[in-house]
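Data block below; observations after.
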Amino acid sequence: MLSCTLAAGVLATSIPFAALAAPISGVVGMASTDTATVQESSYSTLSGVSLTMSRILAESTSAETQVQANETATVEAGQTAEQQTAQAAAEQPVQSEFANIAIAQVNDYVNVRSGASEETEVVGKLYNNSAATVLGQEGDWLHISSGSVDGYVKAQYVVVGNDELVRSVARRVATVATQTLYVRSEATTESSVLGMVPGDDDLTVVDESTAAQGWVKVSIEEGEGYVSTQYVTLSTEFKYAESKAEEEARLAREAAEREAAAAAARKSSKSSSSSSSSSKSYSAPSGSNGSAVANYAVQFVGNPYVYGGTSLTNGADCSGFVMSVYRQFGVSLPHSSSALRSSGYGVSQGEMQPGDIVCYSGHVGIYIGNGQIVHASNARDGIKISTAYYRSILAVRRIF
């Protein structure tokens, strides 16, 4: 009889040894080896099915794993691509903020010409520390644009793309956009008022680290303090090239101003002046040059500072003092420290002479020689004499 046994986890047919002597119906001439063959064959067949199923399952699992791996690889590949892009960008040299800005580095000026040759026409002058935008290059010539001037300069006379140099020659400016601007000791409206600045004047910004909080630090006569960005307009100021036509117009204007100032001074017949609040007497203006202006101005040392004032005896602010001194010489000047930077004509610090107007951030004074100025300093000190270099000088303007 037949019995079923489970061999190696596979259902197989087992035949009793005694039955092997006679054929079994349906199985002709089968020997023991055949049984073994059948059994082996059955095992192989079933095992093959089992292996096939296992393979299918394995392949299915492998395929699923591969899909997941592919998906993971796709995500990872995406992340890697982003990371690679970021890394590539990080590894690339950071382009200078002022990569195409050229700064003239010369004793006085470099000629700007109409073409890339010294044989071409001079169309303007790029003065020392003036800025230009580089538009292109032809050999050892740079094509630049500066102010109203478009032309060519020799590359050897300018420095291009030097952030530190650009920032050092630029001036960050806060222009007053209200009638009177309070400059405070700290970046808060609760702090004390360090000083006041009139409308349309401008101040040098020395620190913008608190700009996100609505404040910038500026320089005024009383020191460095904070102004609200709500009441100022921020900008960057550069010196630019001067065209040939602009230079001619400036020289003509300056000559006319000098002649008018000298003529007005000669006609001045005022012999004395006195203070309505003091018994002190003052000498009348004498002469028509800068030294006469300086000598006249120093008489008022010790008189008070008054914001907005123009009285040499009862009180004046810095620009009011300069304006009133020059008025005695028949010269009309603006009551604004920033506007005074455009009066007369400019000279270098090394060329300062008595009578020159020395301009600072939010302040002005009159040069009296020996490295000193006379100025209406502040409410604490009044009109006094100081070293001309106690603060950074923005400009020196000559009237006579």
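A quick note: this is a predicted structure, and the numbers were derived from the prediction, not measured.
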>> Before you tell me yes or no, could you show the steps for V218 and V232 under side-chain contact (heavy atoms from CB on, under 4.5 Å), namely the whole-Å CA-CA distance, both residues' side-chain angles and the distance that decides it to 0.1 Å?
In response: CA-CA 11 Å; V218 298; V232 298; over 6 Å; no

>> By the salt bridge (charged side-chain N to carboxylate O under 4.0 Å, His left out) test, which pairs, at least two apart or in different chains, include something from residues 360-380?
In response: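 Applying salt bridge (charged side-chain N to carboxylate O under 4.0 Å, His left out) to every pair that reaches into residues 360-380, excluding sequence neighbours, yields nothing.
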
>> Show me the pairs that pass salt bridge (charged side-chain N to carboxylate O under 4.0 Å, His left out) and involve residues 215-236, at least two apart or across chains.
In response: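 Non-adjacent pairs meeting salt bridge (charged side-chain N to carboxylate O under 4.0 Å, His left out): E221-R391.
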
[X] and [Y]: same hydrophobic cluster, using ILVMFWY side-chain contacts below 4.5 Å?
X    : Y    : result
V160 : V166 : no
L394 : V205 : no
I144 : V123 : yes
I101 : V158 : no
I220 : L181 : yes

Minimum heavy-atom distance between [X] and [Y], given as atom pair plus value:
X    : Y    : value
I393 : A388 : CD1-O, 3.5 Å
V173 : E237 : CG2-CB, 3.8 Å
V193 : R184 : CG2-NH1, 3.6 Å
A155 : L142 : CB-CG, 3.9 Å
S286 : A292 : O-CB, 2.8 Å
V216 : A211 : CG1-CB, 4.1 Å

Return the [atom1] to [atom2] distance between [X] and [Y], rounded to the nearest 0.5 Å.
X    : Y    : atom1 : atom2 : answer
L333 : I399 : CG    : CD1   : 5.0 Å
Y296 : Y282 : OH    : OH    : 9.5 Å
I366 : Q372 : CD1   : CD    : 14.0 Å
T387 : I385 : OG1   : CD1   : 11.5 Å
R397 : C359 : CZ    : SG    : 7.5 Å

Donor-acceptor pair, distance only, cut-off 3.5 Å: does the side chain of [X] make one with the backbone of [Y]?
X    : Y    : answer
T210 : W215 : yes
S130 : L126 : no
D317 : G308 : yes
S145 : T133 : no
Q137 : G139 : yes
N289 : S291 : yes
S243 : E246 : yes
Q328 : V325 : no
S361 : S219 : yes

Is any side-chain heavy atom of [X] closer than 4.5 Å to a side-chain heavy atom of [Y]?
X    : Y    : value
F300 : V374 : no
V183 : M196 : no
D150 : L135 : yes
T310 : M323 : yes
Y226 : L194 : no
N128 : Q105 : yes
Y326 : V293 : yes
N303 : L312 : no

>> Among residues at least two apart in sequence or on other chains, which ones pass ring pair (Phe, Tyr, Trp, His ring centres under 6.0 Å) with Y367?
In response: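 None.
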
>> Holding to ring pair (Phe, Tyr, Trp, His ring centres under 6.0 Å), I want the full list of residues that pass it with Y109, two or more places apart in sequence or in another chain.
In response: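 Y109: ring pair (Phe, Tyr, Trp, His ring centres under 6.0 Å) contacts with Y127.
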
> Between S114 and Y152, is a side-chain contact (heavy atoms from CB on, under 4.5 Å) present by the stated rule, with each step listed?
Replying inline: CA-CA 6 Å; S114 60; Y152 294 80; over 6 Å; no

>> Just to verify, which of V227, T180, L203 counts as forming a side chain to side chain contact (heavy atoms under 4.5 Å, CB included) with V197?
In response: L203

> How about H375 and Y360: are their ring centroids closer than 6.0 Å?
Replying inline: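 When the ring centroids of H375 and Y360 are compared, they turn out to be at least 6.0 Å apart.
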
> With ring centroids as reference points, do Y231 and Y182 lie under 6.0 angstrom apart?
Replying inline: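 Between Y182 and Y231, which both carry aromatic rings, the centre distance is not below 6.0 Å.
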
> Would T188 and E190 satisfy side chain to side chain donor-acceptor pair (under 3.5 Å), going step by step from the backbone distance to the final call?
Replying inline: CA-CA 5 Å; T188 170; E190 281 70 43; 2.7 Å; yes

Contacts table for residues 340-354: side-chain donor-acceptor under 3.5 angstrom, sequence neighbours left out:
unit_1 : atom_1 : unit_2 : atom_2 : d
R341   : NH1    : D202   : OD1    : 3.3
R341   : NH2    : D202   : OD1    : 2.8
R341   : NH2    : D202   : OD2    : 2.9
S348   : OG     : E351   : N      : 3.4
S348   : OG     : E351   : OE1    : 3.2
E351   : OE1    : S348   : N      : 3.1

> How far apart are the C-alpha atoms of S319 and H335, what are their side-chain angles, what is the distance that settles it, and do they pass the side-chain contact (heavy atoms from CB on, under 4.5 Å) test?
Replying inline: CA-CA 5 Å; S319 58; H335 189 183; 2.9 Å; yes

> Hey, mind stepping through L165 and F98 against side-chain contact (heavy atoms from CB on, under 4.5 Å) and telling me if it holds?
Replying inline: CA-CA 10 Å; L165 177 61; F98 304 108; over 6 Å; no

> Looking at residues at least two apart in the chain, or sitting in another chain, which of them share a side-chain contact (heavy atoms from CB on, under 4.5 Å) with S332?
Replying inline: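 For S332, no residue satisfies side-chain contact (heavy atoms from CB on, under 4.5 Å) once neighbours in sequence are set aside.
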
